[in-house]
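Notes for the one structure printed next.
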Amino acid sequence: MFNNAAKTAIPTGAERLIIPAYGFSGGIATQREEWGANGPFMEDVIGLEFFNDKDQKTQVLKQKDGCLICYNAPGRKEAVEEYIEENPDTFETAEGISALISFIKEEMTLEGLTPDLYDTDVAFASNLQGAPSEITVGVLFAGVKKKEVLQVIEVPAGTEFGGATAGEKGAYIRKDSKGDVKMIQFEEFHNAYEFVTE
């Protein structure tokens with residue numbers, strides 16, 4: 001059923017903007033929270049500390065393999081790319097990246113959002129759907145966690161599936177990353193999900 005006609009959808013607002021930013025000079029010896037088999041632990045790293053205004057926590061961009069990450073929004077990727085083009089030495093030093101962080105936070109504030117910029121690493125970023133095969137400093141991309149991706153087919157009004165019937169606008173049958181399949185009515189789907197543009 002999903003072989004040919006399926007489209008890809010994600011929860012609205014789930015797409016993340018990744019800004020690879022490792023290899024800079026001027027990092028400090030610090031600690032950042034990491035997750036292991038037994039839960040969270042503090043990892044010793046060389047990095048750049050910055051503050052996440054939304055969760056009120058200090059973040060640490062790792063010098064070795066760090067990336068900046070925030071939820072994507074219309075025009076955000078283009079604004080950051082334009083900033084990088086105008087400031088080509090952004091990723092060379094901790095000061096350059098700090099200036100970029102300030103710019104991104106200001107951009108989010110202009111959008112009326114509490115800035116939610118945090119750190120991640122190349123390993124996490126490379127596992128996102130939409131990640132390039134090689135992650136390069138300063139080359140931005142948008143991706144989504146694979147577990148959030150749905151395969152979706154549209155069905156006409158009156159279609160019955162799994163005990164549900166499609167309403168007058170039709171419905172969608174969706175399959176999640178675990179393989180669970182269910183019907184969602186047209187309006188409910190569009191309130192919660194958006195299609196990924198390939």
Side-chain angles (χ1 to χ4, degrees), residues 8-73 76-77 80 84 90-105 107-108 113-151 174-182 192-194 196:
T8 303
I10 58 172
T12 301
E15 190 173 62
R16 290 150 176 92
L17 179 62
I18 303 293
I19 306 162
Y22 53 88
F24 55 89
S25 65
I28 61 166
T30 185
Q31 289 189 317
R32 75 184 282 277
E33 189 174 73
E34 189 55 86
W35 285 84
N38 299 320
F41 67 94
M42 296 309 287
E43 174 188 29
D44 293 322
V45 298
I46 304 295
L48 167 67
E49 293 183 343
F50 66 97
F51 194 68
N52 178 301
D53 302 77
K54 189 156 187 174
D55 68 7
Q56 298 287 299
K57 279 182 148 179
T58 297
Q59 305 291 306
V60 179
L61 177 69
K62 293 191 286 184
Q63 184 177 308
K64 182 180 68 162
D65 61 354
C67 299
L68 297 170
I69 180 172
C70 60
Y71 284 100
N72 205 4
R76 186 171 288 168
K77 180 174 181 274
V80 176
I84 293 166
T90 291
F91 298 101
E92 291 175 16
T93 63
E95 292 79 18
I97 295 172
S98 292
L100 172 64
I101 288 169
S102 296
F103 168 78
I104 295 168
K105 287 183 173 187
E107 188 74 20
M108 290 181 183
L113 304 170
T114 303
D116 190 15
L117 180 69
Y118 50 106
D119 75 281
T120 189
D121 57 26
V122 168
F124 174 87
S126 63
N127 279 317
L128 294 175
Q129 179 149 324
S133 56
E134 192 174 325
I135 292 179
T136 307
V137 171
V139 179
L140 282 60
F141 68 92
V144 64
K145 287 182 179 178
K146 290 177 181 167
K147 68 180 183 185
E148 295 171 330
V149 176
L150 303 175
Q151 294 302 310
R174 68 153 188 82
K175 179 169 74 171
D176 66 20
S177 61
K178 295 183 200 136
D180 294 335
V181 180
K182 72 176 190 178
Y193 298 99
E194 59 191 60
V196 175

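Only a predicted model underlies this, so the values are computations on that prediction, with no experimental measurement involved. Scope of the values below: all heavy atoms of this structure, side chains included, with no hydrogens, waters or symmetry mates.
Residues S98 and L48 share a closest heavy-atom pair of OG-CD1, 3.5 Å. Between L150 and R174 the shortest heavy-atom distance is CD1-CD, 3.5 Å. What you find for T136 and Y22 is that their closest heavy atoms are CA-OH, 4.1 Å. Summarising the geometry of A21 relative to I97, their closest heavy-atom pair is O-CD1, 3.5 Å, with the distance given to 0.1 Å. When all heavy atoms of A131 and A125 are compared, the pair lying nearest together is CB-O, 3.4 Å. Of all non-hydrogen atoms in W35 and P40, the two that sit nearest each other are CZ3-CD, 3.3 Å.
Rounding to the nearest 0.5 angstrom, the gap separating the CD1 atom in I28 from the CD atom in Q63 is 11.0 Å. Within the model, atoms CD of Q129 and CZ of R16 stand 12.5 Å from one another, a figure rounded to the nearest 0.5 Å. Atom CD1 of I101 sits about 6.5 Å away from atom CG of L61, to the nearest 0.5 Å.
You'll find the side chain of F141 stays beyond 4.5 Å of the side chain of I19, heavy atoms only. L117 is listed as a side-chain neighbour of L68, based on a closest heavy-atom distance under 4.5 Å. Considering only heavy atoms from C-beta on, Q31 stays 4.5 Å or farther from V45 through its side chain. The shortest distance between side-chain heavy atoms of C70 and L17 falls below 4.5 Å. The side-chain heavy atoms of D55 and Y118, taken from C-beta on, include no pair separated by under 4.5 Å. Counting heavy atoms from C-beta outward, I18 and L128 have side chains that approach closer than 4.5 Å. A heavy-atom distance below 4.5 Å is found between the side chains of K105 and D53.
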Margin query: Quick one, V137 with F24, criterion side-chain contact (heavy atoms from CB on, under 4.5 Å). Give me CA distance, side-chain angles, the key distance, then yes/no.
Written below: CA-CA 10 Å; V137 171; F24 55 89; over 6 Å; no
Item checked: Pair V80-L100, side-chain contact (heavy atoms from CB on, under 4.5 Å): steps then yes or no -> CA-CA 8 Å; V80 176; L100 172 64; 4.1 Å; yes
Next item on the list: Go through the steps for Q56 and F51 under the test side-chain contact (heavy atoms from CB on, under 4.5 Å), then give the verdict.
Entry: CA-CA 7 Å; Q56 298 287 299; F51 194 68; 3.7 Å; yes
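Looking at E49 and T58, their side chains never bring a donor and an acceptor atom within 3.5 Å of each other. Using modelled atom types, one finds no donor on one side chain facing an acceptor on the other under 3.5 Å when comparing N52 with Q59.
Applying the side chain to side chain donor-acceptor pair (under 3.5 Å) test to E43 and every residue at least two apart in sequence or in another chain returns nothing. In terms of the side chain to side chain contact (heavy atoms under 4.5 Å, CB included) criterion, residue partners of T93 (sequence neighbours excluded) are, by chain and number, S25, E95.
The backbone N or O of Y71 sits less than 3.5 Å from a side-chain atom of R76, completing a donor-acceptor pair. Here the side chain of K175 pairs no donor or acceptor atom with the backbone of K182 at under 3.5 angstrom.
Among residues at least two apart or in separate chains, salt bridge (charged side-chain N to carboxylate O under 4.0 Å, His left out) pairs with a member in residues 119-138 are R32-D119, K62-D121.
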